[in-house]
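Structure record follows, encoded as structure tokens.
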Amino acid sequence: MLDPKLLRESPDLVRAAIAKKHLEVDVDAVLAIDTAWRAQLQEVESLRSKQKAANTEMAALPKGSPEFVAKVAEMKAVSAQVKERDAQLKEIEEKFKQAMLSLPNLPHASVPEGRTPEENVVHLTHGAVDQARPDAKPHWEIPGFEKLFDFSRGAKVTGAGFPFYVGDGARIVRALLHFFLEEDGKAGYTEVNPPIFVNAASAIATGQLPDKEGQMYETTPDHLYAVPTAEVPLTNFFRDEIIEESALPVYRCAYTPCFRREAGSYGKDVRGLNRLHQFDKVELLKWVHPATSYDELDKLRLDAERLLQKLELPYRVLLMCGGDLGFAQSKKYDLEVWSAGQKRWLEVSSCSNFETFQSRRAQIRYRSKESGKTELVHTINGSGLAVPRVLAALLENNLQPDGRVKLPAALVPYFGKEYLTFA
RNA sequence: GGAGAGGUGGCUGAGUGGUCGAUAGCGGCGCUUUGCUAAAGCGUUGUACGUGUAAAAGCGUACCGGGGGUUCGAAUCCCCCCCUCUCCGCCA
């Protein structure tokens, strides 16, 4: 959500942001609702003010005195008026809230122009990408794949997109998670093991609700939501709280399974480990002072990159253009790993600065030493990293002629052996 | 799951229909005193929105777990929900 004051004072900034993101929002309509809301608010408040004044007067009058009785009669009318106007106010307020929620976050000046994913800027490419490799095959075609990653039985037991990981399949997942968490810890992120169900208030604060409820699994009868990412419980950790400025920046990381309904996808995008309803991910999250947030975004991205480097996987970093940036983000980098068998890039991390867009909804603030006032923090997050696609790349890129997968040295201590085997 | 007791400002804790944004204490901040520390005395002490301003000050409204109701008026009465604690049951 944007600051309503920003909209009032600089509507052109908001219009420019909408244009850069290639969205269609009627800013004038929002402004009109804002004006109406403020007028209505003042009317209700002045009526309330009358009530309060009368209340003080009446407290001094003897009950049952003619003056008292007259006052009650008079205030009855005011009371009825308040009731009516207040109902109208609530209606307008709801409209205003919806209107404000329709406004996207402002893109940072460094975000490139562009409408489509093709216009994202390749920020850097790391490692050699051998486009040829005739031997390479998609991971789901590797002989024995189904033994380690049992999609059929997963489908029987739960449904499509819920594989069993068996033997070395389970072991490699555990090794990757352990590796990620250890490395993230070394980079300064405090490990958190959060709840994997959240209530509606939390899902609203991070923006999953009200629009994207179809993407989450919801429980009955308690109406809790299975987390689509650890970002949700992690961000909400400080919801409605004021953090000491001296405590900033706060670095946290968390592993959770992530649950996504992801309706409407098809084709090779969803083959094998590319897209699952349940997958494992370590999320990095920072709460930072606004003055440092873009430096902190770069640092977080480098932390995620380092993981790929240690895994010796070729990857590239995309700087998302305005049209592909996303509604809530001010700036976003995607990390994509090269998948030799599929001959394409797979997104394994998305690192974003939300500035105050999330913290305003979640009311996460710090007290400024300078002004003594509370200010909204900036939130930054990114994966560090998501397991299945990293795993897909490892399998495809490192498959040996003998059918085994050679693991990068960094992973060996966690996996316990040098090769993953499908036998 | 059953029974009971509670949720008030940073914390402790008063307040059962009106002058209560809320007594008091602690903590915090400022000043005085002080060689330093400690102690004492005095003062001050939340958040949000609107309005106002160059920015402030000021003014208005709301907030006593959340939501709804009764009433001229609700921290206080009624209803629903959430959470915490104690005892019992069950259980990894």
Side-chain angles (χ1 to χ4, degrees), chain A residues 1-10 30-101 103 193-205 209-210 218-225 233 236-247 356 358-377:
Chain A
M1 193 158 65
L2 290 178
D3 186 352
K5 280 180 200 141
L6 176 79
L7 173 71
R8 269 168 224 152
E9 287 160 20
S10 321
V30 181
L31 281 168
I33 296 169
D34 177 50
T35 306
W37 171 68
R38 284 186 290 166
Q40 187 75 19
L41 180 66
Q42 292 206 30
E43 194 171 340
V44 171
E45 286 190 351
S46 81
L47 285 170
R48 288 241 169 83
S49 186
K50 259 192 220 172
Q51 279 187 309
K52 278 184 81 164
N55 198 23
T56 309
E57 273 180 61
M58 290 168 78
L61 292 172
K63 278 194 185 116
S65 68
E67 296 96 325
F68 189 90
V69 172
K71 208 74 192 166
V72 168
E74 185 193 334
M75 293 321 292
K76 253 185 187 169
V78 176
S79 183
Q81 219 179 343
V82 168
K83 215 170 178 182
E84 184 196 328
R85 299 292 171 153
D86 196 46
Q88 292 168 355
L89 176 66
K90 279 188 177 154
E91 240 173 77
I92 298 175
E93 217 156 39
E94 188 50 39
K95 272 189 207 158
F96 178 56
K97 234 167 102 183
Q98 289 309 315
M100 285 308 299
L101 289 174
L103 299 174
N193 190 333
I196 61 168
F197 291 98
V198 294
N199 57 32
S202 295
I204 289 167
L209 294 179
E218 185 181 358
T219 67
T220 43
D222 299 305
H223 299 291
L224 296 175
Y225 299 87
N236 276 282
F237 186 92
F238 290 118
R239 172 152 55 87
D240 298 323
E241 290 191 31
I242 298 169
I243 304 172
E244 281 306 312
E245 185 176 9
S246 58
T356 60
Q358 286 184 328
S359 57
R360 179 169 289 107
R361 272 196 183 200
Q363 283 300 301
I364 304 170
R365 294 164 293 166
Y366 69 94
R367 187 174 303 282
S368 165
K369 281 223 168 88
E370 219 174 300
S371 67
K373 296 200 165 173
T374 55
E375 309 277 355
L376 296 163
V377 301

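Chain letters run A, B, ... following the sequence lines, proteins first, then strands; residues in each count from 1. Atoms considered below: every heavy atom in the structure, side chains included; atoms not considered: hydrogens, waters and symmetry mates.
For A:Phe68, taking side-chain heavy atoms from C-beta onward, the closest of the listed nucleotides B:C72, B:C49, B:G60 is B:C72. Listed nucleotides B:G60, B:G18, B:G73 differ in distance to A:Lys63; the shortest reach to its side chain belongs to B:G18. Side-chain proximity of A:Asn55 to the nucleotides B:G18, B:G21, B:C72 is greatest for B:G18. In the set B:A62, B:U19, B:G73, the nucleotide with an atom closest to the side chain of A:Thr56 is B:U19. When each of B:G50, B:U47, B:G60 is scored by its nearest atom to the side-chain atoms of A:Arg365, the top-ranked nucleotide is B:U47. With B:U47, B:G60, B:C72 as the choices, the nucleotide that has an atom nearest any side-chain atom of A:Met58 turns out to be B:C72.
A 4.5 Å side-chain heavy-atom check between A:Val30 and A:Leu103 finds at least one atom pair inside the cut-off.
Between the P atoms of B:U32 and B:G7, the separation comes to 42 Å (whole Å). Taking the C1' atom of each, B:U8 and B:G25 are spaced 15 Å apart, rounded to whole Å. Nucleotides B:A22 and B:U44 have their P atoms positioned 13 Å apart, rounded to a whole Å. The gap from the C1' atom of B:U76 to that of B:C20 amounts to 11 Å, rounded to the nearest Å. Taking atom P in both B:C85 and B:U12, one finds a spacing of 14 Å when rounded to whole Å. Separation of the C1' atoms belonging to B:G65 and B:U84 is 10 Å when rounded to the nearest angstrom. Comparing B:G28 with B:U34, their P atoms sit 23 Å apart, to the nearest whole Å. For the P atoms, the distance from B:A38 to B:C31 is 15 Å, rounded to whole Å.
Screening A:Leu376, A:Val377, A:Thr356 against A:Arg365 for a side-chain contact (heavy atoms from CB on, under 4.5 Å) leaves a single residue, A:Leu376.
The environment of CZ in A:Phe68 is crowded: more than 12 heavy-atom neighbours from other residues, nucleotides or ligands sit within 6.0 Å.
Electrostatic pairing of A:Lys71 and A:Glu57 counts as a salt bridge here, judged by a charged N lying under 4.0 Å from a carboxylate O. Using a 4.0 Å cut-off between charged side-chain N and carboxylate O, A:Glu93 and A:Lys90 make no salt bridge. Looking at A:Arg85 and A:Glu43, a side-chain N of the basic residue comes within less than 4.0 Å of a carboxylate O on the acidic one, giving a salt bridge.
Put simply, the side chain of A:Gln40 never gets that close to the backbone of A:Trp37: no donor and acceptor are under 3.5 Å apart. A:Asp3 places a side-chain N or O within 3.5 Å of a backbone atom of A:Lys5 that can act as its donor or acceptor partner. Within the 3.5 Å criterion, the main-chain N or O of A:Leu31 finds a donor-acceptor partner in the side chain of A:Thr35. Looking at A:Asn236, its side chain never comes within 3.5 Å of a backbone N or O of A:Arg239 through a donor-acceptor pair.
Distances shown here put a side-chain N or O of A:Arg8 below 4.0 Å from the OP1 or OP2 atom of B:G50. Contact annotation: A:Arg38 side-chain N/O to B:C49 OP1/OP2 distance is not under 4.0 Å. Between A:Ser79 and B:G73, a side-chain N or O to OP1/OP2 separation shorter than 4.0 Å is present. For A:Lys52, a side-chain nitrogen or oxygen approaches OP1 or OP2 of B:A62 to under 4.0 Å.
Distance CZ (A:Arg367) to P (B:G46): 9 Å, rounded to an integer number of Å. In this structure, the CD atom of A:Glu84 is 17 Å from the C1' atom of B:C72, given to the nearest Å. Between A:Glu93 atom CD and B:A62 atom C1' there is a gap of 11 Å when expressed in whole angstrom units. In this structure, A:Lys71 atom NZ and B:C72 atom P are separated by 15 Å, rounded to whole Å. Regarding A:Glu67, its CD atom lies at a distance of 21 Å from the P atom of B:G18, rounded to whole Å. Atom P of nucleotide B:G60 and atom CD of A:Gln51 are separated by 16 Å, given to the nearest angstrom. Rounded to a whole Å, the CZ atom of A:Arg239 is 14 Å from the C1' atom of B:G65. The distance from atom NZ of A:Lys5 to atom P of B:G52 is 13 Å, rounded to the nearest whole Å.
Listed here is the closest heavy atom pair of A:Phe96 and A:Pro4: CZ-CB, 4.1 Å. Taking every heavy atom of both residues into account, A:Glu218 and A:His223 meet most closely at OE2-ND1, 2.8 Å.
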Could you write out RNA chain B as dot-bracket? Rules: Watson-Crick or G-U wobble, both distances under 3.5 Å, brackets [ ] for crossings, | for pairs with another strand, dot for unpaired.
((((((((.[[[..)..(.....]]]((((((.......))))))((((((......)))))).[[[[[..)....]]]]])))))))....
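Of the two residues near RNA chain B, A:Ala54 and A:Gln42, the one whose nearest nucleotide lies more 5' is A:Ala54. Remark on RNA chain B: of its neighbouring residues A:Ala73 and A:Ala53, the 5'-side contact belongs to A:Ala53, judged by nearest-heavy-atom nucleotide.
Note on A:Thr374: only backbone sugar-phosphate atoms sit closer than 4.0 angstrom, heavy atoms only; bases stay farther off.
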Please tabulate, one pair per line, each protein N/O and nucleotide N/O from nucleotides 66-71 of chain B that are separated by under 3.5 Å, including the distance.
none

